[in-house]
Every structure is written in structure tokens, then in C-alpha cells.
Amino acid sequence: MPMDNPEISRPYMPGYGIAGPAEGSGLLPWSWAAERLTSARNYWVTSVWPDGRPHSMPVWGMWDDTVLWFTCAVESRKARNLRAEPRCVVTTEDASDPVILEGTAAIVTDDKSIRRVLDLMNDKYHTDIEISFLDPARNATIAVRPGKVIGMRHGDFTGSPTRWTFAG
């Protein structure tokens with residue numbers, strides 16, 4: 001399914017009194033989640049250690065229509081975890097109106113992707129980082145493609161939870 005047309009439903013949240021899909025605010029449009037993924041300043045990335053323990057760290061990130069990009073040191077714990085087990089969770093920093101992305105990470109090294117990430121980062125964070133910063137020998141450029149995304153509005157906790165599911 002394309003990003004602009006994911007399968008949409010209520011997430012399974014037993015015990016929370018979640019309303020049916022036509023009740024409360026109803027199901028949120030994908031544009032609601034995409035807007036929050038785009039505008040968030042910081043994100044939490046959760047990966048797993050080789051022994052299965054969770055590992056969460058905040059990162060800068062950039063939503064780019066179909067992928068969430070972030071960078072980190074090649075030998076950082078999150079990069080090593082994601083090389084071994086690419087399934088991860090990325091959340092926006094706003095716990096009141098959260099967007100929770102469950103996806104698969106890939107470390108990219110091609111010049112076109114690295115240039116795209118650098119341009120997105122410099123634009124979003126008003127920085128002037130040079131391309132050498134993203135040298136794949138030192139820093140990993142990571143793309144997270146969503147499989148499932150969950151979001152909800154603080155003002156309508158029981159009537160807004162929405163799950164978007166993407167093919168592939």
C-alpha cells in the first residue's frame with residue numbers, strides 16, 4: 001500500500017475502553033500522523049541488545065514521506081543493535097499526541113540518500129553540517145520504513161486511537 005493510503009483501523013487496546021472506529025473522533029487520517037512525524041524535533045528510537053534487552057535513545061530525525069531518517073555513530077549501541085536486529089520502534093517526543101512507528105531499519109551508504117538526509121537535517125534543524133559528517137565509515141545514516149504506526153489525540157484518548165498498516 002502506498003504511504004498516502006495505508007490500511008486504517010483501531011489498535012487492539014484491551015482494558016482501555018477504546019471506542020469503535022465510528023465513535024469519538026473516529027479514525028484519524030494518515031495526514032495527522034505524517035504532520036506530527038514531520039514536525040517533531042526529537043524522536044525516541046528503541047532497539048534491542050543482542051540479549052533481548054530494550055535500548056532507547058533520543059535522536060534528531062527527519063520524516064521524508066515514506067521513511068524516517070536519523071544518524072548516529074557507526075559504533076553506537078543503537079547502530080550495532082539495528083545491524084543485528086533491524087526491527088525497531090520510533091516515537092515522537094510528544095506523549096500527549098504521540099505517533100508510534102514500528103518498522104524496519106536499514107543503514108544506507110549511497111551518496112544520493114546521504115545527501116538527501118544532510119539536506120533534510122540542515123533545513124529542519126537550521127544547521128550547516130557538511131557532508132563529511134555523514135561519512136559512512138564514522139556515522140550511520142539510518143532509514144526506518146514503517147510497517148505499522150499508531151497515533152492518538154490527548155483530548156480524545158478513547159475515541160481517537162488509530163492504527164495505520166503498510167504493505168511490505
Side-chain angles (χ1 to χ4, degrees), residues 1 3 6-18 27-28 30 32-109 113-114 116-117 120-121 124-125 129 133-158 160-168:
M1 283 181 187
M3 280 295 178
E7 180 183 323
I8 186 170
S9 61
R10 280 279 191 244
Y12 180 64
M13 297 172 62
Y16 287 95
I18 302 303
L27 297 172
L28 300 169
W30 171 244
W32 182 92
E35 177 182 304
R36 278 145 189 83
L37 287 166
T38 300
S39 65
R41 178 167 178 81
N42 301 297
Y43 305 80
W44 286 93
V45 174
T46 303
S47 59
V48 294
W49 287 74
D51 65 6
R53 288 178 291 146
H55 178 263
S56 289
M57 289 296 291
V59 297
W60 277 3
M62 294 73 59
W63 177 250
D64 190 20
D65 191 43
T66 62
V67 64
L68 182 86
W69 296 102
F70 71 93
T71 67
C72 61
V74 167
E75 291 304 316
S76 69
R77 171 49 48 200
K78 63 186 152 294
R80 290 184 290 159
N81 286 350
L82 292 170
R83 275 194 299 274
E85 171 52 79
R87 293 176 296 177
C88 62
V89 174
V90 181
T91 67
T92 55
E93 64 189 339
D94 182 359
S96 293
D97 290 315
V99 177
I100 303 106
L101 184 157
E102 296 179 11
T104 304
I107 296 173
V108 300
T109 57
S113 295
I114 290 172
R116 175 72 178 152
V117 170
L120 289 167
M121 189 179 342
K124 181 173 184 176
Y125 295 100
I129 297 169
F133 178 77
L134 294 180
D135 177 351
R138 291 193 342 239
N139 281 307
T141 299
I142 300 176
V144 180
R145 296 208 178 272
K148 178 172 51 175
V149 177
I150 294 175
M152 60 192 77
R153 290 183 37 247
H154 173 73
D156 189 11
F157 176 78
T158 60
S160 68
T162 303
R163 173 180 48 218
W164 300 272
T165 304
F166 301 91

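Starting from 1, each residue takes its place in the sequence as its number.
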Open item on the list: Taking salt bridge (charged side-chain N to carboxylate O under 4.0 Å, His left out) as the definition, give me every residue that meets it alongside Lys124, ordered by chain and number, with sequence neighbours left out.
Closed with: none
- [ ] Apply side chain to side chain contact (heavy atoms under 4.5 Å, CB included) to Asp64 and list each qualifying residue two or more places apart in sequence or on a separate chain.
- [x] Val67, Trp69, Arg116, Leu120
Name each donor-acceptor pair under 3.5 Å that joins a side chain in residues 150-157 to protein atoms two or more places apart or in another chain, with its distance.
from: Arg153; atom 1: NH1; to: Ser25; atom 2: OG; distance (Å): 2.5
from: Asp156; atom 1: OD1; to: Gly159; atom 2: N; distance (Å): 3.0
from: Asp156; atom 1: OD2; to: Ser25; atom 2: N; distance (Å): 2.6
from: Asp156; atom 1: OD2; to: Ser25; atom 2: OG; distance (Å): 2.5

Task: Proximity of Phe166 and Trp30 rings by center, below 6.0 Å - done: yes
Open item on the list: I'd like to check the ring pair (Phe, Tyr, Trp, His ring centres under 6.0 Å) partners of Phe133; sequence neighbours left out, ordered by chain and number.
Closed with: none
Open item on the list: Among residues at least two apart in sequence or on other chains, which ones pass side chain to side chain donor-acceptor pair (under 3.5 Å) with Arg138?
Closed with: none
Task: Residue pairs, two or more places apart or on separate chains, that pass salt bridge (charged side-chain N to carboxylate O under 4.0 Å, His left out) and touch residues 37-49 - done: none
- [ ] Kindly determine whether Arg163 and Ser9 satisfy side-chain hydrogen bond (donor to acceptor under 3.5 Å, both in side chains), including the steps that lead there.
- [x] CA-CA 5 Å; Arg163 173 180 48 218; Ser9 61; 3.1 Å; yes
Task: Residues forming a side chain to side chain donor-acceptor pair (under 3.5 Å) with Asp94, sequence neighbours excluded - done: none
Open item on the list: Test of understanding: with side chain to side chain contact (heavy atoms under 4.5 Å, CB included), list the residues that count as partners of Pro50, not counting sequence neighbours.
Closed with: Arg77, Asn81
Task: Test side chain to side chain contact (heavy atoms under 4.5 Å, CB included) applied to Ala73 - qualifying residues, sequence neighbours left out - done: Ser76, Asn139
TODO: Apply side chain to side chain donor-acceptor pair (under 3.5 Å) to Ser113 and list each qualifying residue two or more places apart in sequence or on a separate chain.
DONE: Asp110
TODO: Could you check if a side-chain atom of Lys78 sits within less than 4.5 angstrom of a side-chain atom of Val59, using non-hydrogen atoms only?
DONE: yes
Open item on the list: Going by side chain to side chain donor-acceptor pair (under 3.5 Å), name the residues that satisfy it together with Thr38, two or more places apart in sequence or in a different chain.
Closed with: none
TODO: Determine whether Thr165 and Glu102 make a side-chain contact, defined as any pair of heavy atoms from C-beta on separated by less than 4.5 Å.
DONE: no
Task: Minimum side-chain heavy-atom gap Tyr43-Thr92 below 4.5 Å - done: yes
TODO: Sequence neighbours left out, what passes side chain to side chain contact (heavy atoms under 4.5 Å, CB included) with Glu85? Give chain and number order.
DONE: Val48, Arg87
